[in-house]
Amino acid sequence: LFEKSCSSGWLDGCESLGELAMSTPGTKLDVFTLFKRSCAGGSFEACASLGKLYETGLGAPQDDARAVKLYELACNSGETRRACVSLSVMVERGRGTPADPARAVSLLDRACEQGSSDSCGMLSLHYLEGRGVPRDTAKGVALLVKACEERPDLRIEVVTSSVVGWSTRKFQVLTQFNPRIAVVEYDNDFYPGQAFLEEGEFIPILRTQTRMTWRHERSILPRHGIR
C-alpha cells in the first residue's frame, strides 16, 4: 500500500515506506532514496529520518554536519518533535556543530512543551544534573513524573552506586511519585557492608575506600549511563 502511494507521488507514503523498510530485515528497498525524495518534496518527517541515516552512517555516508542541518530543518518546521530531540543530542555532544548544552536544553524544552514525553524525560536529567541549566531537583523530578504519566508503556530506572552511599536514599523518593520509576543500585552486591559503614562511626574508612575505588569506578559508571 505504501509502495503504491509512494509511486503515485504521495510523499508521506514514501516516508512511511522507508520507515517500514528500516524495520524489515533483508529489504531491497533503497531507504536513502526514499527519504531523500520525500524530504526534498517537503516531508519534514522524512528529513528527520534522512538525518538519522547520516548521523549513524547506516544507509548513507556518516556525516554529522549534514545530519545537524536536516535535524534543524525538520525541528524548525514544528512538524516533528523527534528531530528536535535528535538535534539536542548532537548539539550537547558537539557533533557537527559547536557544543552548546544550553541550546540542547532549549530544544528539549520545546519538544517537551509540544508533547514529546521522551524529551521531557531527557530534559529532567539536565535539571537533575545541572547540564546546560542551573540544577533544579524539583523541576527535574516534575519532568520525570510528567514523562511517565504521558507514556504508560515507559519504565524509568535511576541507576545509583553504593560508592556514593547517599545517592540511593536521595533518589528513592522518586518511586513514591510513580510506580514506573525504579531506583537500582547497580553495585549493591559489591559492597555488602556499605550500609553498616554509613550507620556506624567509620566515615573516615568510607572516605578512604571511596578514594581507593574512584579511579576504577569512574571508568565503569559511564557504561551504566552515569556521568
Side-chain angles (χ1 to χ4, degrees), residues 48 51-52 55 64 67-68 71-188 194 198 210 214 217-227:
K52 182 61 69 176
E55 177 190 348
D64 285 344
V68 167
Y71 287 148
E72 287 178 335
L73 176 67
C75 177
N76 291 334
S77 74
E79 295 182 18
T80 169
R81 298 185 296 268
R82 65 188 176 103
C84 298
V85 176
S86 297
L87 179 59
S88 74
V89 175
M90 301 288 280
V91 167
E92 183 180 16
R93 296 176 179 175
R95 291 183 54 186
T97 186
D100 189 343
R103 184 188 174 201
V105 169
S106 177
L107 289 164
L108 289 175
D109 186 59
R110 182 198 308 182
C112 179
E113 288 296 321
Q114 292 175 350
S116 169
S117 55
D118 289 344
S119 64
C120 293
M122 293 170 65
L123 184 60
S124 73
L125 297 180
H126 281 267
Y127 279 100
L128 290 171
E129 299 173 6
R131 287 171 21 226
V133 70
R135 181 173 294 173
D136 188 333
T137 302
K139 188 165 185 176
V141 170
L143 286 165
L144 199 60
V145 173
K146 179 180 179 181
C148 279
E149 290 176 343
E150 294 180 355
R151 280 279 303 276
D153 61 316
L154 186 66
R155 184 176 186 273
I156 295 177
E157 283 192 357
V158 179
V159 183
T160 63
S161 170
S162 62
V163 172
V164 187
W166 51 264
S167 61
T168 302
R169 293 196 300 273
K170 177 179 179 178
F171 289 105
Q172 193 66 41
V173 67
L174 295 176
T175 62
Q176 300 175 14
F177 292 97
N178 194 296
R180 293 194 303 281
I181 300 178
V183 177
V184 180
E185 195 173 71
Y186 87 95
D187 57 355
N188 181 60
Q194 192 79 21
E198 290 186 19
T210 302
W214 175 237
E217 288 289 336
R218 66 182 178 184
S219 65
I220 293 178
L221 294 178
R223 303 176 197 170
H224 299 271
I226 301 176
R227 298 184 178 184

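For the side chain to side chain contact (heavy atoms under 4.5 Å, CB included) test, residues two or more places apart in sequence or in another chain that qualify with Val183 are Val158, Thr160, Thr168, Phe171, Gln172, Thr175. The side chain to side chain contact (heavy atoms under 4.5 Å, CB included) test applied to Cys84 returns Cys75, Arg110, Ala111, not counting sequence neighbours. Under the salt bridge (Lys or Arg N to Asp or Glu O under 4.0 Å) criterion, Asp64 pairs with Arg95, not counting sequence neighbours. Arg155 pairs by the side chain to side chain contact (heavy atoms under 4.5 Å, CB included) definition with Glu157, Ala182, not counting sequence neighbours. In this structure Ser86 satisfies the side chain to side chain contact (heavy atoms under 4.5 Å, CB included) test together with Lys52, Tyr71, sequence neighbours excluded.
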Got a list of side-chain donor-acceptor pairs under 3.5 Å for residues 118-127, not counting sequence neighbours?
{"from": "Asp118", "atom 1": "OD1", "to": "Arg151", "atom 2": "NH1", "distance (Å)": "2.7"}
{"from": "Ser119", "atom 1": "OG", "to": "Cys112", "atom 2": "N", "distance (Å)": "3.0"}
{"from": "Ser119", "atom 1": "OG", "to": "Ser116", "atom 2": "O", "distance (Å)": "2.7"}
{"from": "Ser119", "atom 1": "OG", "to": "Ser116", "atom 2": "OG", "distance (Å)": "3.2"}
{"from": "Ser124", "atom 1": "OG", "to": "Gly121", "atom 2": "O", "distance (Å)": "2.5"}
{"from": "His126", "atom 1": "ND1", "to": "Arg131", "atom 2": "O", "distance (Å)": "2.8"}
{"from": "His126", "atom 1": "NE2", "to": "Arg131", "atom 2": "NH2", "distance (Å)": "3.3"}
{"from": "Tyr127", "atom 1": "OH", "to": "Lys139", "atom 2": "NZ", "distance (Å)": "3.3"}

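Closest heavy-atom contact between Leu108 and Ser88: CD2-OG, 3.3 Å. Between Ile181 and Cys148, the shortest heavy-atom distance links the atoms CG1-SG, 3.6 Å. For Gly115 against Arg81, the heavy-atom pair with the smallest separation is C-NE, 3.8 Å. For the residue pair Met90 and Ala67, the shortest heavy atom distance occurs at CE-CB, 4.1 Å. Minimum heavy-atom separation, Glu72 to Arg103: OE2-NH2, 2.9 Å. The shortest heavy-atom contact between Thr80 and Ala48 is OG1-CB, 4.2 Å.
Separating the OG1 atom in Thr137 from the CD atom in Glu129 is a distance of 11.0 Å, to the nearest 0.5 Å. Atom CG of Asp100 sits about 9.0 Å away from atom CG of Leu107, to the nearest 0.5 Å. How far CG of Leu143 is from NZ of Lys146: 7.0 Å, rounded to the nearest 0.5 Å.
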Chi angles and distances behind the side chain to side chain contact (heavy atoms under 4.5 Å, CB included) call for Val145, Glu149: CA-CA 6 Å; Val145 173; Glu149 290 176 343; 3.6 Å; yes

